[in-house]
Participant: 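Attaching a single structure in structure tokens format; questions to follow.
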2 protein chains.
Amino acid sequence: MESDIQSEKVALVREIMGRVADKWTLIIIDILAEEGELRFTRLREHVGGVSQKMLTQTLRQMERDGLVTRRVYPVVPPRVDYKLTPLGESLGEAVCSMWLWVEKNFEDVIRARQAFALQSPPVPGPSIP
Amino acid sequence: MESDIQSEKVALVREIMGRVADKWTLIIIDILAEEGELRFTRLREHVGGVSQKMLTQTLRQMERDGLVTRRVYPVVPPRVDYKLTPLGESLGEAVCSMWLWVEKNFEDVIRARQAFALQSPPVPGPSIP
DNA sequence: CCGCATCCGGAGAGATACTG
DNA sequence: CAGTATCTCTCCGGATGCGG
């Protein structure tokens with residue numbers, strides 16, 4: 001069946017979507033898009049709140065997927081620079097629209113959450129001490 | 001410090017980004033955007049490969065965040081319809097640009113992975129039987 | 001001193017089986 | 001048919017070790 005090929009593609013597309021839409025990947029792309037080339041520790045500072053392990057892991061994946069280049073300088077304190085590839089930059093534009101949406105609408109989400117909390121009193125037995 | 005407010009906002013924005021860029025959320029938004037209103041099982045069929053639990057959980061979150069409406073019909077076999085809110089629809093446009101990017105560029109990602117695999121022979125000892 | 005790999009413990013994703 | 005409870009297993013973060 002041809003639909004096997006189709007579902008194969010769909011699975012692949014979804015898998016890549018899952019990687020590309022990863023939390024740290026989105027942040028890293030956003031940062032590298034406006035900072036250009038950065039070395040590991042600088043990038044870590046910009047990201048904030050990420051463990052070296054996750055950062056390394058994510059960058060590895062991104063390198064594997066052709067989103068970033070990884071340049072290693074064989075110097076005494078090791079130095080590794082990361083930078084978006086053209087592919088990564090093109091993704092950056094799509095990612096940007098997501099960030100813009102969140103920036104623009106996050107207050108609505110907050111309000112929705114508050115409204116939802118009101119009509120769904122979860123745990124706290126209110127008043128009457 | 002005012003930067004406390006700033007970092008507070010950043011954390012919030014990132015948290016919402018994390019929710020909104022969730023794998024299942026992206027798929028659900030994409031489907032509801034083009035199918036309109038769907039009941040639970042229909043939606044489950046369209047998504048494909050998702051457990052009821054994950055679907056329920058994700059839809060709950062989306063309802064909480066004001067992205068979908070959840071209408072329950074008090075009938076004998078329970079019936080629940082899900083539909084994007086205006087907020088969800090506006091997100092749908094941003095999400096669409098992500099899907100378009102993946103559709104357009106996933107073959108480049110595949111190629112990048114193959115190229116990466118070649119220069120990084122991980123485990124498999126090649127040839128020589 | 002910088003970047004990376006590994007081991008371990010806890011938290012959360014996820015599928016299966018059951019309930020109204 | 002929609003949702004919940006239980007169990008499993010992966011993933012993430014911190015500490016450690018190492019090589020340059």
Side-chain angles (χ1 to χ4, degrees), chain A residues 11 14-28 31-32 35 37-65 68-83 116 119-123, chain B residues 11 14-28 31-32 35 37-65 68-83 116 119-123:
Chain A
R14 284 190 180 181
E15 193 270 333
I16 293 176
M17 183 58 150
R19 285 250 18 92
V20 145
D22 169 71
K23 175 187 174 183
W24 297 121
T25 303
L26 291 172
I27 295 177
I28 291 170
I31 292 174
L32 289 183
E35 297 291 331
E37 196 164 19
L38 280 158
R39 60 186 297 182
F40 188 85
T41 305
R42 292 283 163 276
L43 181 55
R44 183 153 158 40
E45 290 169 2
H46 274 80
V47 174
V50 66
S51 64
Q52 17 10 348
K53 183 186 175 181
M54 272 320 292
L55 187 55
T56 302
Q57 198 174 90
T58 305
L59 287 169
R60 273 265 195 285
Q61 281 287 347
M62 294 176 70
E63 187 196 4
R64 174 173 178 257
D65 293 345
V68 299
T69 58
R70 177 172 175 272
R71 284 201 299 187
V72 182
Y73 298 83
V75 290
V76 191
R79 166 175 181 162
V80 184
D81 284 12
Y82 292 93
K83 175 170 165 293
F116 186 83
Q119 50 183 305
S120 303
V123 176
Chain B
R14 284 190 180 179
E15 193 269 333
I16 292 176
M17 184 59 148
R19 284 249 19 93
V20 144
D22 171 70
K23 175 187 175 184
W24 297 122
T25 304
L26 291 172
I27 296 177
I28 292 171
I31 292 174
L32 288 183
E35 298 291 331
E37 195 164 19
L38 248 50
R39 59 188 295 181
F40 190 86
T41 305
R42 292 281 163 275
L43 180 56
R44 182 154 157 45
E45 291 169 2
H46 275 80
V47 173
V50 66
S51 64
Q52 330 74 311
K53 182 192 174 179
M54 277 318 295
L55 188 55
T56 302
Q57 198 174 87
T58 305
L59 286 169
R60 274 259 199 286
Q61 282 287 346
M62 294 176 70
E63 186 197 3
R64 175 173 179 257
D65 292 346
V68 298
T69 58
R70 178 172 174 272
R71 282 202 299 187
V72 182
Y73 297 82
V75 291
V76 192
R79 168 178 182 159
V80 184
D81 285 11
Y82 292 93
K83 174 171 167 290
F116 187 83
Q119 49 182 305
S120 302
V123 177

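Note on naming: letters A, B, ... go to the chains in the order of the sequence lines (proteins, then strands), and numbering restarts at 1 for each one. All heavy atoms count here, side chains included; hydrogens, waters and symmetry mates do not.
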Participant: B:Gln57 has an atom CD; how far is it from atom P of C:dA15, in whole Å?
Facilitator: 11 Å
Participant: Would you kindly give the CD-to-P distance between B:Glu63 and D:dG3, to the nearest whole Å?
Facilitator: 9 Å
Participant: Are A:Trp24 and D:dC12 close enough that a side-chain N or O sits under 4.0 Å from OP1 or OP2?
Facilitator: no
Participant: Within this structure, what is the CZ-to-P distance between A:Arg79 and C:dC4, rounded to whole angstrom?
Facilitator: 13 Å
Participant: Taking any heavy-atom pair under 4.0 Å as a contact, classify B:Tyr82: base, sugar-phosphate, or nothing.
Facilitator: sugar-phosphate
Participant: Grab the two heavy atoms, one from A:Thr58 and one from A:Ile28, that are nearest each other, plus how far apart they are.
Facilitator: CG2-CD1, 3.7 Å
Participant: So what does B:Val80 touch, heavy atoms closer than 4.0 Å: a base, only the sugar-phosphate, or nothing?
Facilitator: sugar-phosphate
Participant: Measure the spacing between CZ of A:Arg39 and CD of A:Glu45 and express it to the nearest 0.5 Å.
Facilitator: 10.0 Å
Participant: Just the rounded figure in Å: distance from P of C:dG14 to CD1 of B:Ile27.
Facilitator: 11 Å
Participant: Write out a two-atom table: protein N or O, nucleotide N or O from nucleotides 5-10 of chain C, distance below 3.5 Å.
Facilitator:
from  : atom 1 : to      : atom 2 : distance (Å)
C:dA5 : OP1    : A:Arg60 : NH2    : 2.5

Participant: May I ask you to evaluate whether B:Arg70 reaches the phosphate of D:dG3, defined as a side-chain N or O under 4.0 Å from OP1 or OP2?
Facilitator: yes
Participant: Can you work out whether A:Val75 or A:Ser51 has the more 5'-proximal nearest nucleotide on DNA chain D?
Facilitator: A:Ser51
Participant: Side chains of A:Leu43 and A:Leu59, heavy atoms from C-beta outward: is any pair under 4.5 Å?
Facilitator: yes
Participant: Nearest-Å distance, CG (B:Leu55) to C1' (C:dA15)?
Facilitator: 14 Å
Participant: Over how many whole Å does the gap from B:Arg39 atom CZ to D:dC1 atom C1' extend?
Facilitator: 7 Å
Participant: To the nearest 0.5 angstrom, please state how far the OG1 atom of B:Thr56 sits from the CD atom of B:Glu63.
Facilitator: 11.5 Å
Participant: Look at the side chain of A:Pro78 and decide which nucleotide, out of C:dT16, C:dC4, D:dG20, has an atom nearest to it.
Facilitator: D:dG20
Participant: Should we say atom CZ of B:Arg42 is surrounded by more than 12 heavy atoms from elsewhere, each under 6.0 Å from it?
Facilitator: no
Participant: Which distance, rounded to the nearest 0.5 Å, do you find between the CG of A:Asp22 and the CG of B:Asp22?
Facilitator: 11.0 Å
Participant: Checking all strands, does A:Gly49 fall into the base, sugar-phosphate, or nothing category for heavy-atom contacts under 4.0 angstrom?
Facilitator: nothing
Participant: Can you tell me how far apart CZ (B:Arg44) and CD (B:Gln52) are? Round to the nearest 0.5 Å.
Facilitator: 4.5 Å
Participant: What integer distance in Å separates A:Arg42:CZ from C:dC2:P?
Facilitator: 9 Å
Participant: Figure out the CE/C1' separation between B:Met54 and D:dG3, and round it to whole Å.
Facilitator: 14 Å
Participant: Between A:Val72 and A:Val76, name the one whose nearest nucleotide on DNA chain C is closer to the 5' end.
Facilitator: A:Val76
